[in-house]
Student: 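Sharing a structure below in structure tokens format, with a few things to ask.
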Amino acid sequence: MYLLLSAHADGAALQELTAEGAPSPGASEPWLVSRADLPGVVRQLEGRRPRWIWHRTQDWYPALLRAGVELERCYDLTLCGAILAHSEFTVHTEYARNAERRGQAEALPPPRSLQPAPPPADQDALFETPAAGPADGATQEALRAEYAAQQEALREAGGPASTPAGSTGGVLAGPPESGTAARENDPDRRQRLQLLLAAESAGAMIAAEMQHTGVPWREDLHEQILAGYLGPRPAFGHRPARLEELTSTLRQLLKSPALNPDSPQELMRALHRNGIEVKSTRQWELQESSHPAIEPLLAYKKLARLHAANGWAWLDAWVNDGRFQPEYVVGGVVSGRWASRGGGALQIPRQIRGAVHADPGYKLIVADASQLEPRVLVALARDSKMAEAARDQDLYAGIAAQGFGGDRAQAKIALLGAIYGATTGESGRLMPQLTRTYPRAVGFVEQAARDGETGKTVTTRLGRSSPPTPDGWLRSQQSATADEQRRADAIARSRGRFTRNFVVQGSAADWAACWLAELRRRLRARRAEGAPTGELVFFLHDEVMVHCPENAVEDCVRAIEEAANAAKVLLFGRIPVEFPVSVAVVDSYDHAK
DNA sequence: ACCTTAGGCGCG
DNA sequence: AAAGCGCGCCTAAGGT
């Protein structure tokens with residue numbers, strides 16, 4: 001059952017649709033529900049296990065969650081439309097052509113503000129959209145037509161026939177899925193794209209649910225940590241005691257009595273006056289010098305960062321009643337990773353992770369996918385030799401053991417360098433031997449890089465494609481003067497590094513989205529059975545955190561592991577590549593790994 | 001009194 | 001230990 005939910009006057013319109021997006025035959029006219037009645041109506045209809053179709057999950061779901069209504073599944077027209085408008089799997093469809101004509105503005109998620117969004121002022125407000133009514137282009141009929149068009153594009157992805165995803169990839173054989181290879185008539189592609197749309201929509205729900213739940217955050221522990229590093233809380237606008245001490249030390253050592261160490265320009269001049277010839281004030285460059293001022297300067301920078309980014313002001317702004325509730329921005333990164341808005345949710349520094357603490361009677365289960373990106377590369381490239389190395393829990397150790405010509409540390413540097421496109425340094429030097437040992441894996445990312453350099457599109461395993469190159473990009477690659485040509489070549493190489501990384505990072509994001517969705521499904525199932533179970537509270541690219549009653553830990557750990565394996569099978573079939581998760585059951589986040 | 005950009009650094 | 005991908009967000013600095 002498919003239910004379209006759209007904003008209407010002072011409430012919502014509900015319409016039952018077919019799977020294809022036509023009005024359901026035999027169903028009544030669209031049904032108008034007042035704002036006040038909506039949570040009750042939605043809760044009632046949820047019993048029929050519909051897929052809720054809506055313009056943006058963020059417009060509806062947060063308010064429903066505040067009203068105590070949780071839903072099983074949805075279809076986010078904005079997120080799915082953005083994928084379908086650019087995917088190579090649907091590039092031949094009318095939907096993609098229309099998206100091109102409309103311009104990207106409508107097809108892509110709305111622009112993100114750079115400033116943190118303040119927490120909603122009115123927590124009881126049911127609608128995030130203005131009371132005036134639906135936004136332009138988001139009327140009930142427009143959304144229905146949009147859904148129908150997206151479903152049509154999806155049906156046309158790959159070809160008419162279809163086979164189960166698991167049945168095609170049983171062995172590491174056949175051409176790798178990339179670039180121009182294996183492009184024609186691949187029925188498996190439709191299923192993969194469908195999976196991506198479902199996972200993306202599930203991700204949008206999970207993001208709203210995690211924001212609603214929040215990360216358990218002990219303000220008292222956070223303040224203890226700050227006091228330990230910085231001294232007591234200073235008066236507003238003042239430096240903490242420890243930073244004051246370091247400032248006067250630096251002023252003496254650099255013979256600059258008025259130095260503001262927060263000013264890069266002042267700092268640079270002071271360093272030069274003292275014979276410290278750096279070109280920037282970055283940590284790694286400062287570390288080269290042995291001047292006595294360097295150690296306190298690096299200490300200052302470290303602590304100043306803590307104070308500015310995650311100090312008392314941050315605590316006041318972002319933690320309430322023992323919960324940190326950041327906004328996750330699904331689809332916020334071109335590769336399919338999530339971004340976040342407010343509070344730097346995806347950059348919680350190790351220094352303060354001790355403040356993330358389970359409630360009494362609960363544990364934090366922190367699980368991360370070990371060496372996810374290299375393992376995804378093995379699967380994408382179908383490199384059976386590297387797959388053998390990936391059989392082990394430690395892929396890098398496996399590579400070293402296979403005699404690629406270096407130790408574990410070098411194996412890691414070389415492989416990450418291949419994924420990022422390193423050309424110089426140790427990573428660059430190790431590339432030839434890595435290529436000799438694993439021609440398929442290296443060849444795969446090299447092909448992605450060549451595609452980017454020549455302006456082609458690359459695509460993740462589930463069908464998310466790299467953003468189009470700007471108009472005139474190819475022409476700008478042919479330049480008249482040698483200087484312009486050098487610049488054009490540099491831009492092309494940069495694009496190549498981006499597409500090289502995109503296929504791996506993006507396919508890893510595909511995997512992580514499926515992992516999350518599969519985990520959510522399992523946790524919900526357990527809860528429906530009435531069993532105690534944990535809640536997803538945090539997600540960071542290849543890592544999840546579940547806040548879990550102690551008596552449900554074992555069960556949740558199993559769910560996390562099952563979900564990881566399910567994600568692998570969904571993406572790649574039953575291939576002989578492991579995607580192990582490392583799981584820590586802890587009271588506080590700083591004790592995980 | 002604002003707004004944008006650059007340098008820097010946190011995370012994966 | 002350091003140059004190669006993706007982000008958000010702090011302060012300073014340089015606009016308007």
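Computed over heavy atoms, backbone and side chain alike; hydrogens, waters and symmetry mates excluded.
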Student: Quick one: on DNA chain C, does A/T424 or A/F498 contact a more 5' nucleotide (nearest heavy atom)?
Tutor: A/T424
Student: Is the backbone N or O of A/I206 less than 3.5 Å from a side-chain atom of A/R520, with the two atoms forming a donor-acceptor pair by type?
Tutor: no
Student: Check for a donor-acceptor pair, side chain of A/E453 on one end and backbone N or O of A/A492 on the other, with a separation under 3.5 Å.
Tutor: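 No; judged by distance alone, with no hydrogens or angles, the pair does not exist.
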Student: Is the distance from OP1 or OP2 of B/dG10 to the nearest side-chain N or O of A/Q283 less than 4.0 Å?
Tutor: yes
Student: To the nearest angstrom, how far is A/E285 atom CD from C/dA1 atom P?
Tutor: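 Rounded to whole Å, this separation is 17 Å.
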Student: Please tell me which of the listed nucleotides, B/dC11, C/dA1, C/dT11, lies nearest to the side chain of A/P349?
Tutor: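 Nearest to the side-chain atoms of A/P349, counting from C-beta on, is B/dC11.
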Student: Please state whether the base of C/dG8 and the side chain of A/Q347 form at least one donor-acceptor pair under 3.5 Å?
Tutor: yes
Student: For A/F404, run the side-chain contact (heavy atoms from CB on, under 4.5 Å) check against A/R436, A/Q433, A/M386 and tell me which one passes.
Tutor: A/Q433
Student: Assign A/E288 to base, sugar-phosphate, or nothing according to its heavy-atom contacts below 4.0 angstrom with the strands shown.
Tutor: sugar-phosphate
Student: When you check the phosphate oxygens OP1 and OP2 of B/dG8, does a side-chain N or O of A/T281 lie under 4.0 Å from one of them?
Tutor: yes
Student: What is the distance, rounded to the nearest whole Å, between atom CG of A/L346 and atom P of C/dC5?
Tutor: 20 Å
Student: Under 4.0 Å between any heavy atoms, over every strand shown, what does A/G344 touch: base, sugar-phosphate, or nothing? Just pick one.
Tutor: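 A/G344: backbone/sugar contact only, no base atoms under 4.0 Å.
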Student: Please work out if A/R353 contacts a base, only the sugar-phosphate, or nothing of the nucleic acid, heavy-atom cut-off 4.0 Å.
Tutor: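 Contact class for A/R353: sugar-phosphate only.
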Student: Just one of A/V378, A/D383, A/V376 clears the side-chain contact (heavy atoms from CB on, under 4.5 Å) bar with A/L380, so which one?
Tutor: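 One option only clears the test, and that one is A/V376.
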Student: Please give the nucleotide sitting opposite B/dC2 as a Watson-Crick or G-U wobble pair, both distances under 3.5 Å, or none.
Tutor: C/dG15
Student: Does B/dC9 have its OP1 or OP2 closer than 4.0 Å to a side-chain nitrogen or oxygen of A/R305?
Tutor: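 Looking at the OP1 and OP2 atoms of B/dC9, neither is under 4.0 Å from any side-chain N or O of A/R305.
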Student: Measure from CZ on A/R341 to C1' on C/dG8 and round the result to the nearest Å.
Tutor: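 It is 12 Å, rounded to the nearest whole Å.
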Student: Closest to the A/S263 side chain: B/dG10, C/dG8, C/dA13?
Tutor: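 It is C/dA13.
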Student: For A/P264 and A/I413, take the nucleotide of DNA chain C holding the closest heavy atom to each; which residue's nucleotide lies nearer the 5' end?
Tutor: A/I413
Student: Can a donor-acceptor pair be found, under 3.5 Å and without considering hydrogens, that links the side chain of A/D542 to the backbone of A/D368?
Tutor: no
Student: Can a side chain N or O of A/N310 be found less than 4.0 Å away from OP1 or OP2 on B/dG10?
Tutor: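 It does not, given that no N or O in the side chain of A/N310 lies less than 4.0 Å from OP1 or OP2 of B/dG10.
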Student: Taking N or O atoms only and anything under 3.5 Å, show me the protein contacts with nucleotides 14-16 of chain C, one pair per line.
Tutor:
unit_1	atom_1	unit_2	atom_2	d
C/dG14	OP1	A/Q265	NE2	3.2

Student: Decide if the gap between the ring center of A/W314 and the ring center of A/F324 is smaller than 6.0 angstrom.
Tutor: yes
Student: C/dG4, C/dA2, C/dA12: which one has an atom nearest the side-chain heavy atoms of A/D262?
Tutor: C/dA12
Student: Mind checking A/N260 for me? I need base, sugar-phosphate or nothing, with any heavy atom below 4.0 Å counting as a touch.
Tutor: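 The answer is sugar-phosphate, as A/N260 gets under 4.0 Å only of primed atoms, P, OP1 or OP2.
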Student: Calculate the interatomic distance between A/Y420 atom OH and B/dC11 atom C1'; express it in whole Å.
Tutor: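 Atom OH in A/Y420 sits about 11 Å away from atom C1' in B/dC11.
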Student: Taking 4.0 Å as the cut-off, does a side-chain nitrogen or oxygen of A/R350 come that near to OP1 or OP2 on B/dG12?
Tutor: yes
Student: Whole Å only: how far is the CZ atom of A/R282 from the C1' atom of B/dG10?
Tutor: 15 Å
Student: Going by modelled atom types, is there a donor-acceptor pair between the base of C/dC7 and the side chain of A/R337 at under 3.5 Å?
Tutor: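 Check fails, no donor-acceptor contact within cut-off.
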Student: Picking from B/dG10, B/dC11, C/dC10, which would you name as closest to the side chain of A/L540?
Tutor: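 The answer is B/dC11.
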Student: Which of the following nucleotides, C/dC5, C/dG4, C/dA2, is nearest to the side chain of A/S427?
Tutor: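 When the side chain of A/S427 is considered, C/dG4 is the closest of C/dC5, C/dG4, C/dA2.
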Student: Assess, by modelled atom type and distance only, whether the side chains of A/N565 and A/E561 contain a donor and an acceptor separated by less than 3.5 Å.
Tutor: no
Student: Measure CH2/A/W318 against P/B/dG10 and give the value in whole Å, please.
Tutor: 20 Å
Student: Report the distance from atom CG of A/L306 to atom P of C/dC9, rounded to the nearest whole Å.
Tutor: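 Rounding to the nearest Å, CG of A/L306 and P of C/dC9 are 17 Å apart.
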Student: Between atom NZ in A/K301 and atom P in B/dG7, what is the gap in whole Å?
Tutor: 13 Å
Student: Could you check whether the rings of A/W511 and A/F579 sit parallel, tilted or perpendicular, using 30° and 60° as the cut-offs?
Tutor: parallel
Student: Please check: side-chain N/O of A/E219 versus main-chain N/O of A/G322, any donor-acceptor pairing under 3.5 Å?
Tutor: yes
